[in-house]
Amino acid sequence: MKVSNSSSSSSIGTEPIGQNLIKVISNLCFSFFVFSVLIFTVIAITYQPPDPWIQSAPALTQLFTRPENATFQIDTSIIKTGEDITPSPQDPSLPFPPPSSAASTVTEASIEKIEYKILNSTPPIPSAACSSGEITSGTLNCSDPRVLIAVQRFNLRAFKSIAFFEYLTPYRDFRRFKIGITDDCRYKVVHAGGWHSGANARRNPARATAPGGKGKTVPRISSNSIRDDEINDTIPTLGSQINFRNGKYLYYSRGGDYCKGMNHYMWSFLCGLGEAMYLNRTFVMDLSMCLAATYNPSNKDEEGKDFRYYFDFEHLKEEVSIVEEGEFLRDWKKWDRSHLKKRKVPVKKVLSHKVTPIQLKKDKSTILWRQFDAPEPENYWYRVCEGQAAKYIQRPWHALWKSKRLMNIVTEISGRMDWDFDAVHVVRGEKAQRRDLWPNLDSDTSPDALVEKLKGMVQPWRNLYIATNEPFYNYFDKLRSNYKVHLLDDYKELWGNTSEWYNETSLLNNGKPVEFDGYMRVAVDTEVFYRGTTRVETFYNLTQDCKDGVKTC
C-alpha cells in the first residue's frame, strides 16, 4: 500500500508541470502571431511608395520600363499596336490571351490532310483535262477549294522563309495565277503574276484633267469612285432618345494627355477603354486628336487630327462599345431639352483619379463623367489605372490596330519586294546628336559602320528595307553596293495626290488634303520592318548604347 501511495503521489505531482509547460508554449506562439500581424498592419498603413513624378529621372525610367508598364515605350521610332503584340501563354502580365491561330503553321502535311477530305467531298477533275494536263474549260472557279490547295503549295515553295499560319475564308489574293494539272490529276500553279496583277485587283483611282491644265492632273474626289468598301469607319449613332436614355456611359473630359506623344496617348486611351469595359459601360470617344510636335515637320503640336487617320476605327467598333463624343453630346442635350427638369439624365461627376473604378462599379447613374482639371501629372487619364486599379483593369490592346489605309501602304511596299526582304531599323535623329545619353550611336550607325556590321547579318544583294528617322535620303547610299536598298521615300506615290490614301483621307477631312505626317511614317516603317525575314535592330545589333540612355540597360 505504501508503494502504491508513493507512485500515485508522484504521478499527481508531475501532471500539472506538463500542462503548464504546454500552456506557456501555446501562449508564446499566440503572442508572436499577434505581434507579427500588428507589425504587418502598421507597415501596410504607413508605407507609401515613392511618387515617381516628384522624384528623380531614374524613378521615371523605372516607372515606364517596369514589366507591368512595358507597353508604355519612351522610344518613338517604333510604334506597336495590338496586331504587333504576340503574347506568350506563360506570360500572365499581358493584357490578353495569345491567338489560337498561332499554334501551328501551314505545312505540306497539313495541306495533305485537308486535301484528302476535299477529294472525298468534291467532284473529280474531268478526265480529259487530266490527260491533257491543261484546263480546257477556260476560266477556273476560284472558289473551288482545290485551287486554294494549289496556291498554298505554291506559296510554300516560292516563299520558303515565310511562315504561313492561316488562310482566311474567303481567301483573297491580288495576283493573277495560271493553273495547270499535275500528272496525278491535281491542280497546280504554273505561273503567278506580280502584286495586284489580277484582272479584278484594285487599281489607282481615275484622275481628272485640271481645267485648262494641258495634261496636268488633279485627284478626283468622289465617294462613289474611290471609296474602299472594305473600310467601314463611319461614326455609329445611338438611334432614338430612348436608346440613349437606356444606355450607361463613361465620359472622360480632355486631360493633360492632349498633345502628348502617341505612346502616351495609347496608354491613356486604353486605360479609359479598360475602365469602361470593367464597368460594363459605353466609352464616349473624342475622334479629334492632337499630334505632338515630335511627329510634325513644323515642330509644333497640331490639333484637329482624325483618329481614323492612324487607327482602325472599324475594328475598334467591333471589339468595344463606343460612341462618338459629338453624337453623344447632341443626344444628351436633346434629351434634357425635351424633358426639362422632370427627367434629366442622371450624371455623376468624378473629380479625381483617386476615385477608383471599383468604387464606381455599382453606381447607377446614366453618365459617369470623369473630369481631369488638376495640374499635370494628376490630370493624365492613365492615372485612373494605377495602384489597386491595375489589378482588375485590363487595357484592351487587341482592340487597337493601325489604320487599314496605312496597312494598305504596308502591303503594297511588301508586295513590291515580293514579300522576300530583310529589314534594318536605324535610329538616328535627335538620339544620334545626344552624345551625353547615347555616346556611340552616331558612329555606330554611320554609313561605313553599317556596311561592316550588316555584312555578317544580311546576305549580299538581298532586298534590304531600312526603317529609319534619318532625314537625308542619300545617307545610306554606301549600302547600295551590297544590297537592293529600299526606303520609305521610294514609295511616295502611295500617299501622293493621285493615290487612294490621299483621296480617302481627304474625304474624312471634308475634302481637304491630309499630310502624311511623322507618325504615319513611323507606323508604316514599323509594319514593313516586322515583315522582314531577317530583322536587325539598332540597340540590340548595331550599337552597345542603351535604348533609353546611359545606364538604363
Side-chain angles (χ1 to χ4, degrees), residues 86 99-203 230 407-408 410-423 458-465 484 486 528 530-535:
T86 306
S100 58
S101 60
S104 60
T105 59
V106 176
T107 62
E108 182 63 35
S110 65
I111 292 175
E112 287 182 357
K113 289 181 180 180
I114 298 173
E115 186 178 35
Y116 178 78
K117 295 179 182 179
I118 291 173
L119 293 176
N120 291 331
S121 59
T122 56
I125 299 174
S127 57
C130 291
S131 58
S132 64
E134 296 180 355
I135 298 173
T136 56
S137 58
T139 303
L140 194 64
N141 179 9
C142 290
S143 63
D144 188 330
R146 291 171 297 191
V147 175
L148 176 57
I149 291 292
V151 172
Q152 290 178 353
R153 281 202 168 98
F154 172 81
N155 287 339
L156 284 180
R157 294 196 309 272
F159 308 108
K160 295 180 180 179
S161 60
I162 297 177
F164 295 90
F165 290 103
E166 186 179 14
Y167 285 83
L168 298 179
T169 304
Y171 171 69
R172 294 178 298 178
D173 197 314
F174 301 110
R175 295 171 292 174
R176 185 174 181 83
F177 293 96
K178 181 179 180 181
I179 304 295
I181 298 177
T182 64
D183 294 337
D184 54 353
C185 207
R186 294 185 298 180
Y187 288 131
K188 67 177 181 180
V189 174
V190 177
H191 173 74
W195 194 247
H196 276 220
S197 58
N200 296 320
R202 187 172 55 199
R203 294 287 189 263
E230 296 177 4
M407 295 303 291
N408 284 342
V410 172
T411 299
E412 185 70 25
I413 293 173
S414 302
R416 291 188 185 184
M417 292 185 285
D418 292 326
W419 295 91
D420 186 18
F421 62 94
D422 299 322
V458 180
Q459 294 297 318
W461 297 114
R462 289 275 295 165
N463 285 319
L464 180 65
Y465 185 85
K484 300 173 185 177
H486 302 261
V528 178
Y530 282 150
R531 283 155 177 74
T533 304
T534 299
R535 294 188 292 272

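We're numbering straight along the sequence, starting at 1. Here the structure is a predicted model, which is why all the values come from computation and not from measurement.
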CD1/I111 to CD1/I149 distance, rounded to the nearest 0.5 angstrom? 6.0 Å

Between OG1 of T534 and CD of Q459, what distance do you get to the nearest 0.5 Å? 8.0 Å

R153 side chain near E108 side chain, heavy-atom distance below 4.5 Å: yes

Do T533 and F421 have side chains that approach each other closer than 4.5 Å (heavy atoms only, starting at C-beta)? no

Considering non-hydrogen atoms only, spot the tightest contact between G532 and A423 and give its length. CA-CB, 4.3 Å

D420 and R462: which non-hydrogen atoms are nearest, and at how many Å? OD1-NH1, 2.9 Å

What's the separation between atom OH in Y465 and atom CZ in R535, rounded to the nearest 0.5 Å? 14.5 Å

I need the minimum non-hydrogen distance between Y187 and A150, along with the two atoms involved. O-CB, 3.5 Å

Distance in Å, R531 CZ paired with D422 CG, rounded so as to fall on 0.5 Å steps: 15.5 Å

Can you tell me how far CD1 of I181 sits from CZ of R186, rounded to the nearest 0.5 angstrom? 12.5 Å

Rounded distance (nearest 0.5 Å) linking atom CH2 of W419 with atom CG of N155: 11.0 Å

Residues M417 and N463: closest non-hydrogen pair is O-ND2, 3.6 Å

Under the 3.5 angstrom rule, does the side chain of S110 hit a backbone N or O of T107 as a donor-acceptor pair? yes

